[in-house]
Amino acid sequence: MAPGRRPVPGWRSVRGRVAVVITVPICLLLAVAGLAVQGRAEVLADARTTRTEVGLSLRVQALVHQLQRERGLTNGLLGGEREFRATLAATRKRVDTALHGMRRDVAVEGVVRRHLGRLAGVRAATDGGTADRAATLSFYTAAVGALNAVDPVAETATGSDAQLRDGLAALRELAAAKESVALERGLLNGVFADGAFHGREYLSFTEVRATRVAALDRFRQVATAPQRAALERAFETEDAERATAYENRAEDAAEGSVLRVDAGTWWDAMTVLVDDLYAVQRSVGDDVRDRADRRSHDAETGLTAYLVSGALVAALLAGLAAFASRSLTRPLGALAEAAHDVATHRLPATVARIQQAPPGQEELLLAGDAQDAPDPQLLGGAAEITKVAASLHQVERTALHLAAQQAGLRRITTESLANLGRRNQNLVRRQLGLITRLEQQELDPDALAELFELDHLATRMRRNAENLLVLAGQNPPRPTAAPAGSLEVVQSAVAEVEQYRRVLIATVEPARVRGHAVADVAHLLAELIENGLTFSPPTEPVEVHGWYDAPDNTYCFAVVDHGVGMSEADRERAHARFSGSGEEALLAAPTRFLGHLVVGRLAHRLGEGTQVQLFDTTGGGLSALLVLPGRLLAPAENPSVPAPPARPAVSSLLNGFRAGVARAEARTATQGASS
């Protein structure tokens, strides 16, 4: 407190009462809001878990569906029905595809490895005619049962949502019923193909039918009316009725009498029924997932409402507290003078210094400003004046911190772009892997050509994602184990541009680029080629040259277009971006020049000696020259073979490049002398 100033009578008691009035409702608000937020958060986590596990369950059931089909066809083949061999081969491929996808799921990977590890041996024994029909059926049934047992839907906690709980139960019971129908299909497929029941086959048949009836009864108890209607429609088709008639004939053959039933007709009828049940199963799964999505949305809405309400109440309390504090202040002269000084002199001057300070110096300026700030005790007035003056100084520091944080916003935005780029890069990599597998499996030339186009689009998407990471400075180069030839590097770059058919690979003398630099060089060339294609007429080609410059021990790539060209000022700015000497940052540069920043970052990453220069093309257009130092070049595979001499067109490009470098060095020397 300043000398000569006396505290306002009753100030401490008033301040204590204000503190109590503010603290009690805030504590109550935090307690109520905490309980509400906790409940909503549990509902949200529960709904998201259910949605994820239902998705995994549907993928598991897709594999189960194909295994059930293979089981039935295998049993029919072992029973003597040779016509199933072609259909079985196609079904095995679908099973293998589903298995390949499921091996990425940790929850079912162990079950697949443990119960389907002998699948190849069982198939071989079946094809060789040495497999036992009952043992083979038991193998497939055990595998299907293990997959159904690991189905995560059975473990999902659904809280108090009865509809979601019933939907999961319906999905579980329908899976059991479908397995019973599919097992009956496979069992009787072998029996009809053989012509009679043997051993315990009839007993197994009756047990399977009983299991199916019980599972369907349980499903009807928990399913919704539309779900029950869908199930009834599946059992009312002509194929389902034909399958029922065959079941009745099988039921009458308990004493081992001969069954004269066409196994193929039975298989077709039951397959339609199983497929219809699978469609119902997917529909129920979609209903459960939609319900989980709605719960998740409702929980998010509730959380937002609670948080907004809490913020509004807190803001209201803060406003009341500020009003109460201001009502206690009487002498405002000193405070008004201090506020005027902050608003008109100190704050604008300090903000201007922060904005003009080099990166990393903001905190030093803030520390210096804190030392220069006047002590609130020296402002005079009562205790409340001192308190408000200190608060005013804190507001000033907060404003200054906000100004300093503006410099960090670009870094944060850059990190966000890098995060987005990494996500896109991972997705595109997965997409490229999937496209590659489809290309390897596709036999139709037209479809294969479309897959190649899709592969090219995905490759360009990968380059765009990598551009984001390059600009953010967080993109490690794609690993390349071995050196690559100069022609391979050019071809790789051409493959990553849109109008690759317009690129003419002219003269590219042989050289080898070291493995760690191959990806970056190809990426850099792709950016230069893309720029040439963009700014040249669609009827004009873009040429790519490459040659070894023996005197300087460098290798040069030239990208030549016949387009609109660039002015001298634009070229100087582009060279500044290439060399990293310009003042433009990522978020300040025009978007159409971001490719220049990418080229500059890649050249910087390739290290000292890497240069990118632009110069006019004879007859109009622009030529870009990339120079790689000798340390980025790998030794030739056959050192005894001398490098071919540079051709006239290449020599002209090289002379133009050297002239441009000389002019740039002269300008730099002139500027240094004048300064």
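Note: hydrogens, waters and symmetry copies are ignored here, and every other heavy atom, side chains too, is used. Fair warning: this is a prediction, and the values are worked out from it, not measured in the lab.
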>> Would you say CZ of Arg631 has more than 12 non-hydrogen atoms from neighbouring residues, nucleotides or ligands within 6.0 angstrom?
In response: yes
Return yes if some donor-acceptor pair links the side-chain N/O of [X] with the main-chain N/O of [Y] below 3.5 Å, else return no.
| X | Y | value |
| --- | --- | --- |
| Ser492 | Glu488 | no |
| Trp266 | Arg185 | yes |
| Thr130 | Thr126 | no |
| Arg512 | Pro635 | yes |
| Tyr555 | Glu509 | yes |
| Thr74 | Glu70 | yes |
| Ser138 | Ala134 | no |

> When the aromatic ring centroids of His545 and Phe557 are compared, is their separation below 6.0 Å?
Replying inline: no
> Given Gln491, which of Val494, Leu487, Val489 fulfils the side-chain contact (heavy atoms from CB on, under 4.5 Å) condition?
Replying inline: Leu487
Are the side chains of [X] and [Y] in touch, meaning some heavy atoms are under 4.5 Å apart?
| X | Y | result |
| --- | --- | --- |
| Asp287 | Gln227 | yes |
| Glu201 | Leu188 | no |
| Leu525 | Leu626 | yes |

>> Is it the case that the side chains of Thr91 and Arg94 hold a donor-acceptor pair, with the cut-off being a distance below 3.5 Å and no angle test?
In response: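 Yes.
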With a 4.0 Å cut-off on N to O distance, would you call [X] and [Y] a salt bridge?
| X | Y | value |
| --- | --- | --- |
| Arg502 | Asp561 | no |
| Arg123 | Asp96 | yes |
| Arg501 | Glu453 | yes |
| Arg71 | Glu179 | yes |

To the nearest 0.5 Å, what is the distance between [atom1] on [X] and [atom2] on [Y]?
| X | Y | atom1 | atom2 | answer |
| --- | --- | --- | --- | --- |
| Glu530 | Phe535 | CD | CZ | 10.0 Å |
| Phe219 | Leu277 | CZ | CG | 9.5 Å |
| Glu184 | Leu273 | CD | CG | 9.0 Å |
| Arg242 | Met270 | CZ | CE | 12.5 Å |
| Tyr278 | Leu174 | OH | CG | 11.5 Å |
| Asp239 | Asp276 | CG | CG | 8.0 Å |

